[in-house]
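Read the structure below first, then the notes.
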Number of protein chains: 2
Amino acid sequence: MTTTVLLVDDHPVVRSGLRAVLDTDTVHVVGEAATGEEAVTLAAHLHPDVVLCDLRLGAGIDGIQTTAALRALDPAPAVLILTTFDRDAEILGAIEAGAAGYLLKDVAPEVIIEGIHRAAGGDMFLAPDLAGRVLQGMRNPLPRLTERELEVLRLMSTGAANKDIARTLFVTEATVKSHIAHIFTKLDVDSRSRAIHLAQETGLI
Amino acid sequence: MTTTVLLVDDHPVVRSGLRAVLDTDTVHVVGEAATGEEAVTLAAHLHPDVVLCDLRLGAGIDGIQTTAALRALDPAPAVLILTTFDRDAEILGAIEAGAAGYLLKDVAPEVIIEGIHRAAGGDMFLAPDLAGRVLQGMRNPLPRLTERELEVLRLMSTGAANKDIARTLFVTEATVKSHIAHIFTKLDVDSRSRAIHLAQETGLI
DNA sequence: CTGAATCTCAACCTTTTGGACGATGCCGAC
DNA sequence: GTCGGCATCGTCCAAAAGGTTGAGATTCAG
C-alpha cells in the first residue's frame, strides 16, 4: 500500500530532489508547498498520510508553527521534520508541536522513506544520532525563560549593552540587570558571551 | 551545444534535485561528488565545463578551498557556488578563490541554468540581490584581522573570558587584552558581544 | 639596513558588568 | 485571601572588561 506525502520546503531544488528520490512504488508525492501557510491549505484538501516539512521556511510561519497547524487538521497528517539543523530547542519544539519524527537532510534517501512509512504507521522516528540527545534534553530540560528574559537575551546577542537594552525596552538599567541575573542563573553561566553562545547553540534564540 | 556540469553537495537529496532540474538539452550533468576532495578528483577526470558547488560540505575541505583546488586544475572548470547562506566573507572568499558566480539555493531552477551557461561562457554571475552587497563589500572591505586576532575572536565567541583565552593560547591576559583592543579598533566596536555579533553576521568566523 | 607589521607584555585608569541583597506592585492559581 | 511567579527598581560592592600608552622581540619586504 502506498503512502501519500506532501512536501514542504522553500527551495524548489530540494522539492524536486525529494520528489525524484521519494516517488517510488511505496511512496506517492501528492503535492508540494513552499511555505507553511500553503502547506496547511494543501494538506486540508489533499489529506496526505505524511507531511515532510523543513523547519526553515524563509518568510512566513516556521516549521514548528506549521507542524502545530497541521496537527490541528482533521484528519491530521503525520508530520515528519526534515532539516539541516540539529539545534536542541528546535527538535524539542517540533516534537512538542506533534511531529512524528525528525531527520537531518544529510541522511540517505532510504532512511527518509523508512521514516515516512514509520510516521504513517503512527510510530515516532528520530534520526539515531538525535535520539540520545533528545532523551537527554528531556532529562536535562533547558530552563524555561520568560518572554521578557528572552527579549533581553535576544538583544544581548546582538551586542547591545545593558544601557541599550534598557532604552529599547523602556525600563531602567537595574531591571535589565535583574533579568540578566535571572537568565544567568537559569542557564548556569556567568558572563553574557557565554549566555549568548549557549543560547545560540541550543537554539534558544 | 550542451554544457557539462559536475555537482558537488553533501546532501544526496539536493544532488538528486539538481540533477532532475538541470539535466536538460542544454545542460548535461556528468557527475556528482559529496565532498570537496571527491570533486577535485572527479573534475580532473571528467573535465566538466562547470562545477556547481555548495559552500558547506560537511566534513573535509569547504567550498572555498574546493574552488581554489578546482581552479588550479588544467583545464580549470568554471566554478559556480550554490549555497543557502549569504555571509559576506564567504561570498568574497569564494570570488577571491576564483569562483565565477554565487547563487543562493532559493532561486528558481532557470536562474541556475542561466548561471551555468554564463559561467561556462567565462562570465561572472552573481545573484542580483548579492551583487550590490559584494560591490559595497569591496568598497568597504572588512579590515583584515591577523591569524592571532582571529583565534582570539573565535575563542571570544564561544564565551571564553580573557583569562580563559590567555590560558588556551599560553599567553598573559595582557596580551589577550592587547589583541582584543586591536580587534575592537579594526571592527569599530566597543564590546565583545558586539564584536562577536559582527563577526558572525559577516562570516568572519 | 630600515621600516612596518606582528606578537608579546605591563601599568594605569575608567566603565561596564555581574552578584547579593531587598522592596514594590501585579496577576493568576489554589 | 494568600501564595508564588513575574516584572520592576534600588543600593552596595567586587570583578571583569575596555582604553591608553609604551616597549621589547621577531620577521619579512624593500
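Naming: A, B, ... by sequence-line order, numbering from 1 per chain.
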| message | Which residue in the set K105(B), R15(B), R56(B) passes side chain to side chain donor-acceptor pair (under 3.5 Å) when paired with D9(B)? | response | K105(B)
| said: If the condition is salt bridge (charged side-chain N to carboxylate O under 4.0 Å, His left out), which residues does R192(A) pass it with, not counting sequence neighbours? | reply: none
| task | Not counting sequence neighbours, which residues clear salt bridge (charged side-chain N to carboxylate O under 4.0 Å, His left out) with E151(B)? List them please. | result | R148(B)
| field | Residue H179(A), side-chain heavy atoms: nucleotide from dG18(D), dC7(C), dT8(D) that is nearest | value | dT8(D)
| query | Measuring from T172(A):OG1 to R167(A):CZ, what's the distance to the nearest 0.5 Å? | reply | 13.0 Å
| query | Which of residues 156-168 of chain B sit near DNA chain D, with a heavy atom under 4.0 Å from it? | reply | A161(B), N162(B), K163(B)
| In whole angstroms, how far is the P atom of dA5(C) from the CD atom of E149(B)? | 13 Å
| said: Report for the helix from dC1(C)-dG30(D) to dC30(C)-dG1(D): angle between first-end and last-end helix axes, five pairs each, rounded to 10 degrees. | reply: 40°
| request: Take the protein atom CG of L153(A) and the nucleotide atom P of dA7(D), then report the distance between them rounded to whole Å. | output: 13 Å
Acceptor/donor pairs from residues 64-77 of chain A side chains to any protein atom, 3.5 angstrom cut, sequence neighbours excluded:
unit_1	atom_1	unit_2	atom_2	d
Q65(A)	OE1	D62(A)	N	3.3
T66(A)	OG1	D62(A)	O	2.7
T67(A)	OG1	G63(A)	O	2.7
R71(A)	NE	G98(A)	O	3.3
R71(A)	NH1	P77(A)	O	2.8

| field | Selection: residues 186-205 of chain A, any non-hydrogen atom under 4.0 Å of DNA chain C | value | D190(A), S191(A), R192(A)
Validation: residues 179-188 of chain B side-chain donor-acceptor distances under 3.5 Å, sequence neighbours left out:
unit_1	atom_1	unit_2	atom_2	d
H182(B)	ND1	S178(B)	O	3.4
T185(B)	OG1	A181(B)	O	2.8
K186(B)	NZ	R144(B)	O	3.1
K186(B)	NZ	E149(B)	OE1	2.9

| query | Mind checking what makes salt bridge (charged side-chain N to carboxylate O under 4.0 Å, His left out) contact with K177(B), not counting sequence neighbours? | reply | none
| Nearest-angstrom distance from the residue atom CD of E151(A) to P of dA7(D) | 9 Å
| message | Would you compute the distance between atom CZ of F125(A) and atom CD1 of I116(A) and round it to the nearest 0.5 angstrom? | response | 10.0 Å
| How long is the line joining CD1 of I183(B) and C1' of dC7(C), in whole Å? | 13 Å
| note | Hits for side-chain contact (heavy atoms from CB on, under 4.5 Å) against E38(B), two or more places apart or cross-chain, chain-then-number order -> A33(B), A34(B), T35(B), L42(B)
| note | Sequence neighbours excluded, the answer for salt bridge (charged side-chain N to carboxylate O under 4.0 Å, His left out) partners of E37(A) is none
| task | Round to a whole Å and report the spacing from CG of L169(B) to P of dT6(C). | result | 17 Å
| query | Hey, can you pull the residues of residues 170-178 of chain B with a non-hydrogen atom under 4.0 angstrom from DNA chain C? | reply | V171(B), T172(B), A174(B), T175(B), S178(B)
| In chain order, what residues pass the side-chain contact (heavy atoms from CB on, under 4.5 Å) check against D190(A), with sequence neighbours excluded? | R194(A)
| task | Return the value, rounded to whole Å, for the distance between atom CD1 of I180(A) and atom C1' of dT16(C). | result | 11 Å
| task | Drop me the distance from L103(B)'s CG to I81(B)'s CD1, to the nearest 0.5 angstrom. | result | 9.5 Å
| task | Of all the heavy-atom pairs spanning V152(B) and I165(B), show the shortest one and how long it is. | result | O-CD1, 4.2 Å
